[in-house]
Amino acid sequence: MSYLDELNDEQRDAVKYCEGPLLILAGAGSGKTRVLTFKITHILKQNYARPSEILAVTFTNKAAGEMKERILKMMPGIYFPSMGTFHSICARFLRDHMEGSAQSSRFVIYDSGDCRVLMRECLKELNLDDKVFTPERMSSAISRLKNKLLDPEDFARTGISYDSRITYDVYCLYEEKLKSNNALDFDDLLMKSVFLLRNNKELLDRYSRMFKYVLIDEYQDINHAQYELVLLFSSFHRKITVVGDDDQSIYRFRGAEMSLLMRFEEDFPQARVIKLERNYRSTKVILEAANNLMKKNRVRREKNLWTDRKGGEKIGYFRAVTGRSEARFVILKIRELMRNDNYNYRDFAILYRTNAQSRLFEEVLIQEGMPYNLIGSLKYYERKEIKDLLAYLRVVVNRQDSLSLRRIINVPPRGVGDVTMKKLEHLSREEHIDLLEAAGRLSSSKEGSAKMRAQLTHLVEVLEEATRSLTVKTAGAIVEDIIDALKYREYLTSSGTAEGVAREENINEFITVVKEFESFSVDASLEAFLAHISLISDIDLWEDSEGRINLMTFHLTKGLEFPVVFMTGLEEKLIPHIMSQEKEEDLEEERRLCYVGITRAMDRLFMTHAEERFMRGVTEKRDVSRFLTEIPESILTLYGGTALPSAFSQAKQWKSEREDYCRDETCEVESLKRGDRVTHQFFGVGRVLTVTGDTVKVDFVDKGIKRVVRDYLSKSLGNNAPKRIRFQKGDRVYHAKWRSGVVCRSDEESSLVMVIFTGTGTQFVQAEELSPLPTLQDKRPPL
DNA sequence: ACTAGAATCGTTTTT
DNA sequence: CGATTCTAGT
């Protein structure tokens, strides 16, 4: 059994124990993924079960994919039907078995944006004060209920206060709307699965007998509904393996209950418990920082994470003046490490608490011409034209989806406005027909203009025709049909604007995505495509082999590791976040979040923060995070900054870098003030009006008042005539709004440039709005 | 019905 | 600051 030799004693125990329930308490970096994959391989090799008899739940689809890949390397040709996230497994389960119940198997999955729209409708209908009962608050209240498996009736039995009366009304209406749209939200996927299993003994029997082994990863982050699901699926064989680490529980806000991990032995009294405490990932110094931090938490299992790796570099600490100089420090440090220690871009992770912090890093990275990967800005599916297209497709699959129909009923414009919509809604309610049917009827009546009716008739026909072709055509073919029939391209490009052409490009990209899906998916139907699209997460799309610096939130790093990690924005109000500083449980969760970040680092760790931060238009003073002060001074190395926080006032160790990072702030920045004469590459000569953070408002002689990023200005000494720059295919460019991109086409005549932007896709912009960026070859680390 | 400009508002993490 | 919603005017 050669594969078992690669494991340590505890890991091997965990792999070989297949007789009953098992709890693996796996500290950070202790090789839990390895244990899980080996265990599944072991089960298969020993013929304890077949692949279809194993239920394996991971935290992301990506993790599931990697696990499958690794097992496939050891045992080629295997297919695992039940390996994935709770949500994807449940979606599949419901699609297979919900036929005949309230929501049919053709349901669509509403994302949080869709749910917000739906919730807004509810609140409006109930005439609730939307200052007090905001869609966000009500949504999260209902989400909590669903995670606790309480349907409106269950909830009604538990409380009677005025607020809960309102919640009850909202919940009922919200559910009603979901039902009438034949839609489910994320929480429904879990809750309805549990209800289905509870109410259908035959189904429960079948599934629980089928799953001879149930394995759950990241058990510390499961919520009540998921827990119930685990119990149900494993109820027959009770051969359940869960892996978790209470110190890494960071999803309380979405219902995760750490206590479920804590009480596993009570739920399964005969359970074995195996602790994996040997860390293979990090240096001793990094573990010491992590362990010291976690000692401060009260609610946790005692543990002793250890490594026999030698000490390693001390943790780099940098206190910057502004957010921008913090970013600059990080990027220059990366340069230096690449130069001295042969690191590749992909070895670095820049981590932060909130997505808003990524901006500064992006800006500096762009300036420096360094490639990066921004994870968690899944902008693609948020683009208008893509959402429109998805809305069409949803209606095709599920004509009851009135939310989606409403979105596209007047796109392209068909003369359907508020008045017509009101009529349609009325008709739909009176006649008990869906909205699409109502549109069909109205279009053959005498109501409204003839032109509008003709166009409505066409729309209904196109959609219904697409629905009929569902069984015979692939997703891609249907998408193309609809785009052609509705002249969607023409609609986008008719305005003749650059934006329109860019949107058309995005449509092409979408078609490519659909076709790609067709080629790798077993099921190439439109339904399958829509289901797939709505359940992929940010991290699923991350490709780590690309040779780019990685930017992401602390939350998204779970399960990942990087040779060099930068933890940034370690300030009070950011981490612990201002919203999580009051309650002890919240605070402890923030500390765990910090712990998760620290334990991602393999070789080197840097912790940074800024004295002041520019957010939402104002600059605010910031204090160092209490978590940073919980790390012993003795394992920190202080890099230059303007001052030391009081907690470190004893430390004397200063580095020569100091001057480097201060220069940006004190010299260049300080020197730019109102009245200064400046030159901009494209706008020419002007005078500074105001300086706000990183943005400077300048009154240009030729171009008038514009706001530009400070870095693209230089103090002007003479009358440097601005040159017009020609862009060509392949040039890297920067745009104030869309940020970095690569030139695709350039039209001399109109000075329009087509750019594919990293985050936002294709756009057409005026050449004047672009600044050239150094190509990767040009920009070597400075010596 | 549609549009452009004004006003408002929110401060986190995500399947 | 920036995204979203509201409003007034065509």
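To find a chain, count down the sequence lines: A is the first, B the second, and so on, and within it residues start at 1.
With rounding to whole Å, A:Gln357 atom CD is found 19 Å from C:dC1 atom P. Note: CG (A:Leu189) to P (B:dT15) measures 13 Å, nearest angstrom. Between the CZ atom of A:Arg137 and the C1' atom of B:dT12 there is a distance of 17 Å, rounded to whole Å. Atom CZ in A:Phe86 sits roughly 15 Å away from atom P in B:dT15 (whole-Å rounding). Rounded to whole angstrom, the span from the NZ atom of A:Lys146 across to the C1' atom of B:dT14 amounts to 16 Å. Protein atom CD1 of A:Ile578 is 15 Å distant from nucleotide atom C1' of B:dT13, rounded to whole Å. Taking atom CD1 on A:Ile375 and atom C1' on B:dT13, their separation rounds to 16 Å, with Å as the unit. Between the CD atom of A:Gln581 and the P atom of B:dT12 there is a distance of 13 Å, rounded to whole Å.
Among the protein residues, A:Arg592 comes within range of no part of the nucleic acid, since none of its heavy atoms lies under 4.0 Å from any strand. Using a 4.0 Å heavy-atom cutoff across all strands shown, A:Thr420 reaches sugar-phosphate atoms only and no base atom. Within the 4.0 angstrom heavy-atom criterion, base atoms lie near A:Gly617. Residue A:Asp111 is out of contact with every strand shown, counting any heavy-atom pair closer than 4.0 Å. Within 4.0 Å (heavy atoms only), A:Asp187 reaches no atom of the nucleic acid at all.
Contact between the side-chain N/O atoms of A:Asn355 and the OP1/OP2 oxygens of B:dT14 is found at a separation under 4.0 Å. Of the side-chain N and O atoms in A:Ser112, none sit less than 4.0 angstrom from OP1 or OP2 of B:dT15. Remark: A:Ser580 is not in phosphate contact with B:dT13, judged by side-chain N or O atoms under 4.0 Å from OP1 or OP2. OP1 or OP2 of B:dT14 has not a single side-chain nitrogen or oxygen of A:Arg252 nearer than 4.0 Å. A close approach under 4.0 Å does occur between a side-chain nitrogen or oxygen of A:Ser537 and OP1 or OP2 of B:dT15. For B:dA1, the OP1/OP2 oxygens have no side-chain nitrogen or oxygen of A:Arg414 closer than 4.0 Å. For A:Asn223, no side-chain nitrogen or oxygen approaches OP1 or OP2 of B:dT15 to under 4.0 Å.
Checking C:dC1, B:dT13, B:dA1 against every side-chain atom of A:Val419, the shortest atom distance belongs to B:dA1. Ranking B:dG10, B:dA1, B:dT12 by closeness to the A:Glu590 side chain, first place goes to B:dT12. For A:Asp538, whose side chain is taken as the heavy atoms from C-beta onward, the closest listed nucleotide among B:dC2, B:dT15, B:dT12 is B:dT15. For A:Arg359, the side-chain atoms get nearest to C:dG2 when compared with the rest of C:dC1, C:dT5, C:dG2. Comparing atom distances between the A:Phe614 side chain and each of C:dC1, C:dG2, C:dT4 picks out C:dC1 as nearest. Comparing atom distances between the A:His577 side chain and each of B:dT12, C:dT5, B:dG10 picks out B:dT12 as nearest. Here the side chain of A:Met579 is nearest to one of C:dC1, B:dT12, C:dT4, namely B:dT12. Between B:dT11, B:dT14, B:dT12, one nucleotide has an atom nearer to the side chain of A:Leu556 than all others, and that is B:dT14. Here the side chain of A:Arg254 is nearest to one of B:dT14, B:dA1, C:dC1, namely B:dT14. Candidate nucleotides B:dT15, B:dT12, C:dG2 were compared by shortest atom distance to the side chain of A:Phe186, and B:dT15 ranks first.
The closest side-chain donor-acceptor pair between A:Gln226 and A:Glu228, if any, does not fall under 3.5 angstrom. At a cut-off of 3.5 Å, with distance as the only test, no side-chain donor of A:Ser358 or A:Asn355 sits close to an acceptor on the other residue.
Taking 4.0 Å as the cut-off between side-chain N and carboxylate O, A:Glu66 and A:Lys62 count as a salt-bridged pair. A salt bridge links A:Arg613 with A:Glu326: at least one charged nitrogen is closer than 4.0 Å to a carboxylate oxygen.
Using cut-offs of 30° and 60° on the angle between ring planes, the pair A:Phe562 and A:Trp542 is tilted. Relative orientation of the A:His555 and A:Phe253 rings is perpendicular, given thresholds of 30° and 60° on the angle between their planes. Using a 30° and 60° split on the angle between ring planes, A:Tyr352 and A:Phe361 fall in the parallel class, below 30°.
In this structure, A:His555 does not count as stacked on the base of B:dT13 under the 5.5 Å centre distance and 30° plane angle limits. By the 5.5 angstrom centroid cut-off and the 30-degree plane limit, A:Tyr251 is classified as not stacked against the base of B:dT13.
Between B:dT13 and C:dT4, the distance separating the two P atoms is 15 Å to the nearest Å.
For A:Tyr174 and A:Tyr171, the ring centers are positioned 6.0 Å apart or more.
When each of A:His87 and A:Glu136 is assigned the nucleotide of DNA chain B bearing its nearest heavy atom, the one mapping closer to the 5' terminus is A:Glu136. Projected onto DNA chain B by closest heavy-atom contact, A:Leu535 and A:Pro413 fall at different nucleotides, the more 5' of which corresponds to A:Pro413.
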